Protein chains: 2
Amino acid sequence: MASKVSTPGSESSSVQDYVKTIYALSEWHDEPVTSSRLAARLSVANSSVSEMIRKLAELGLVNHTPYRPVELTADGRRLALAMVRRHRLIETFLVRDLDYRWDEVHDEAELLEHTVSDTFIDRLDARLGFPSVDPHGDPIPTAAGAITLPDALPLDSFDDGHSGRVTRISDEDPQLLRFLAAEDIGIGSPVEVLGRTPFGGPLRARVGTGTGARDFSFGKELTGAIWVESVGRHAGCSLVP
Amino acid sequence: MASKVSTPGSESSSVQDYVKTIYALSEWHDEPVTSSRLAARLSVANSSVSEMIRKLAELGLVNHTPYRPVELTADGRRLALAMVRRHRLIETFLVRDLDYRWDEVHDEAELLEHTVSDTFIDRLDARLGFPSVDPHGDPIPTAAGAITLPDALPLDSFDDGHSGRVTRISDEDPQLLRFLAAEDIGIGSPVEVLGRTPFGGPLRARVGTGTGARDFSFGKELTGAIWVESVGRHAGCSLVP
DNA sequence: TCCGAAGTTTCGGCATACCGAAAATATAGC
DNA sequence: GCTATATTTTCGGTATGCCGAAACTTCGGA
């Protein structure tokens, strides 16, 4: 029994936002999605989240027992991925065709994703050559709702001595993106973990290749936001699954 | 005392829509803008219009005495032109870059115009090469709010024997646009009025040049929707100012 | 086991924007 | 000038989505 909810349509912009945010909170980390995390991310009061979750459950988009975390149903996930697809295609378009910087696109896409039609998205997709990732390295779901997460981990989960390539950078904080752009660190940059300073100090790594290579100290915020794919063997990871 | 309302921002999407529609109803014809005309154009109940007009008056966007037609203030006109600019630039983009047909763009633009940022509009404008008209021949206001209406009149106001060039076609009815596209009549097409059939019958005109020229019968709907600029001397007009 | 802190839900209220029905006004015809 | 008709406004009422305050659950520590 395939559902109609493969494409946003009847759902309000708010419903779309909540569902997309529930997905986003569990896309890269699998901590439970609680009311308060949602409230913080959406900048609304806890009570608003509570009410909306009840509504989402009635719509069959989430499963929820009171006082417990919320989880997307298959329908909810389909809707979320449709919204993520919209968001990431729009971001890609803004950077490629309208000369937006990668730290500027998030807010604009956030608004547009609720407004454009399926036709618009399909034509944009074609015009951009069916891209598989957006400017931050986030994978773009297909029209059918399939998504392939890159085989990457946050920089802070790599052991000393291991090398890789930057695959994704969280777009949550525009300032962080601006900083990295200024430092010429972006998707595709090679990195090699040199070591860490004890007691929560920065992680030192070698960035770039050849003459462009240099040492760099990554603070907490950065090592969590920068995701790296191992080069060569698939070792070098110390994260518990 | 220049107002801040040169760019949409604080106004709700509804307010923007009402103000733009008030402008649109008086852009090409100067009949008074009444509640019922607004209600029909916006597909809402008369009572909703009445309430919104009071609000617009409070916001200083319209002048209104009860039971009389409504008129835009200078601020209202500025806001309306900003919205019209958005709408027409988006339409131009959809046709030029996303292969929309000219009959498909209106509804999409109607939604997007409320959502995109000023930055988006400015970059779009630059990318499109600062176009002066949209795909239907409607003039695009400048960022400063200036607009130049073409020196055109509806086809039905031309005397027999006069020639001109199609300058604008009202985009109100997508089916009409589709029909004209199929008949290969569009912006720039040369026309010469041959005569009219009595008792409200069609207007006969010669369309196109050289071997592509042919006679065509234009019904009421068409002669009101097709706007023509005189070629050569500025005669041939029988419309009362 | 029980208590308190932290997190979640319920409740009454607010703002926007819509509606239909009823009341108020304008205008055209006589 | 006066009334009938058409138009406009006012008046309750609805739906969505937000809020803060109060009530309620959960869960860890003593």
Side-chain angles (χ1 to χ4, degrees), chain A residues 5 8-22 25-26 29 31-72 76 79-80 83 110-111 113-115, chain B residues 5 8-22 25-26 29 31-72 76 79-80 83 110-111 113-115:
Chain A
V5 188
S10 45
E11 300 81 16
S12 75
S13 172
S14 283
V15 167
Q16 292 171 356
D17 262 337
Y18 276 85
V19 168
K20 192 193 66 167
T21 304
I22 293 169
L25 286 178
S26 47
H29 308 278
E31 284 142 41
V33 178
T34 63
S35 282
S36 37
R37 287 222 294 151
L38 268 172
R41 180 75 163 248
L42 290 163
S43 303
V44 296
N46 283 336
S47 51
S48 306
V49 173
S50 233
E51 283 163 355
M52 184 55 94
I53 286 177
R54 180 158 25 84
K55 180 172 185 176
L56 296 180
E58 276 163 20
L59 291 172
L61 297 170
V62 301
N63 290 127
H64 184 236
T65 34
Y67 297 100
R68 316 267 65 209
V70 71
E71 276 182 354
L72 292 176
L79 175 58
M83 296 312 299
E110 199 70 28
L111 293 174
E113 67 192 15
H114 303 296
T115 304
Chain B
V5 188
S10 46
E11 300 82 15
S12 74
S13 172
S14 283
V15 167
Q16 292 172 356
D17 261 337
Y18 276 84
V19 168
K20 192 194 66 168
T21 304
I22 294 169
L25 286 177
S26 48
H29 308 277
E31 284 143 42
V33 179
T34 64
S35 281
S36 39
R37 286 221 296 151
L38 267 173
R41 181 74 164 247
L42 290 164
S43 304
V44 297
N46 282 337
S47 50
S48 306
V49 173
S50 234
E51 284 165 354
M52 184 55 95
I53 287 177
R54 180 157 27 84
K55 179 171 185 176
L56 296 180
E58 275 163 20
L59 291 172
L61 297 170
V62 301
N63 289 127
H64 184 238
T65 34
Y67 297 99
R68 316 267 64 209
V70 71
E71 277 183 353
L72 291 176
L79 175 58
M83 296 313 298
E110 199 70 28
L111 293 174
E113 67 191 17
H114 303 296
T115 305

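All values below were derived from every heavy atom in this structure, side-chain atoms included, with hydrogens, water molecules and symmetry-related copies excluded. Quantities reported herein were computed from a predicted structural model and do not represent experimental measurements.
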Can you measure A:N46 atom CG to C:dA6 atom P for me and round it to whole angstrom units? 14 Å
Can you measure A:L38 atom CG to C:dT9 atom C1' for me and round it to whole angstrom units? 15 Å
Every protein N/O lying under 3.5 Å from an N/O of nucleotides 21-24 of chain D:
none

In whole angstroms, how far is the C1' atom of C:dA17 from the CZ atom of B:R54? 12 Å
D:dT8 phosphate, OP1 or OP2, under 4.0 Å from B:H64 side-chain N/O: no
With a 3.5 Å distance limit and no angle check, can you tell me whether B:R54 reaches the backbone of B:V49 through a side-chain donor-acceptor pair? no
How long is the line joining CD1 of A:I53 and C1' of C:dT9, in whole Å? 10 Å
At under 4.0 Å between heavy atoms, what does B:S50 touch on the DNA or RNA strands: base, sugar-phosphate, or nothing? base
Which of these passes side chain to side chain contact (heavy atoms under 4.5 Å, CB included) with B:L72: B:V33, B:V19, B:L61? B:V19
A:R37 CZ to C:dG7 P, in whole Å, measures 13 Å
Could B:E11 and B:K55 be called an ion pair, given the rule that one side-chain N must be under 4.0 Å from one carboxylate O? no
State which of D:dC18, C:dT9, C:dA17 makes the closest approach to the side chain of A:S14. D:dC18
Measuring to OP1 and OP2 of D:dA6, would you say a side-chain N or O of B:S36 lies under 4.0 angstrom away? no
Could you check whether A:S48 gets within reach of a base, just the sugar-phosphate, or nothing at all, counting any heavy atom under 4.0 Å? base
If you compare all heavy atoms of A:T21 against all heavy atoms of A:R41, which two are closest, and at what distance to 0.1 Å? CG2-CG, 3.4 Å
Closest approach of B:S35 to B:N46 (non-hydrogen atoms, all atoms of both residues): O-OD1, 4.1 Å
Could you go through B:D17 and B:H114, starting from their C-alpha distance and side-chain angles, then the distance that decides it, and tell me whether this counts as side chain to side chain contact (heavy atoms under 4.5 Å, CB included)? CA-CA 9 Å; B:D17 261 337; B:H114 303 296; 3.0 Å; yes
Taking all non-hydrogen atoms of both residues, which atom of B:V62 and which atom of B:I53 are closest, and how far apart? CG2-O, 4.0 Å
Return the value, rounded to whole Å, for the distance between atom NE2 of B:H114 and atom P of C:dT16. 17 Å
Could you check how far CG of B:L59 sits from C1' of C:dA15, rounded to whole Å? 14 Å
Could you state the atom-to-atom distance from CD of B:E51 to C1' of D:dG12 in whole Å? 11 Å
Measuring from the side chain of B:A45 (C-beta onward, heavy atoms only), which nucleotide among C:dA26, D:dT9, C:dG20 has the closest atom? C:dG20
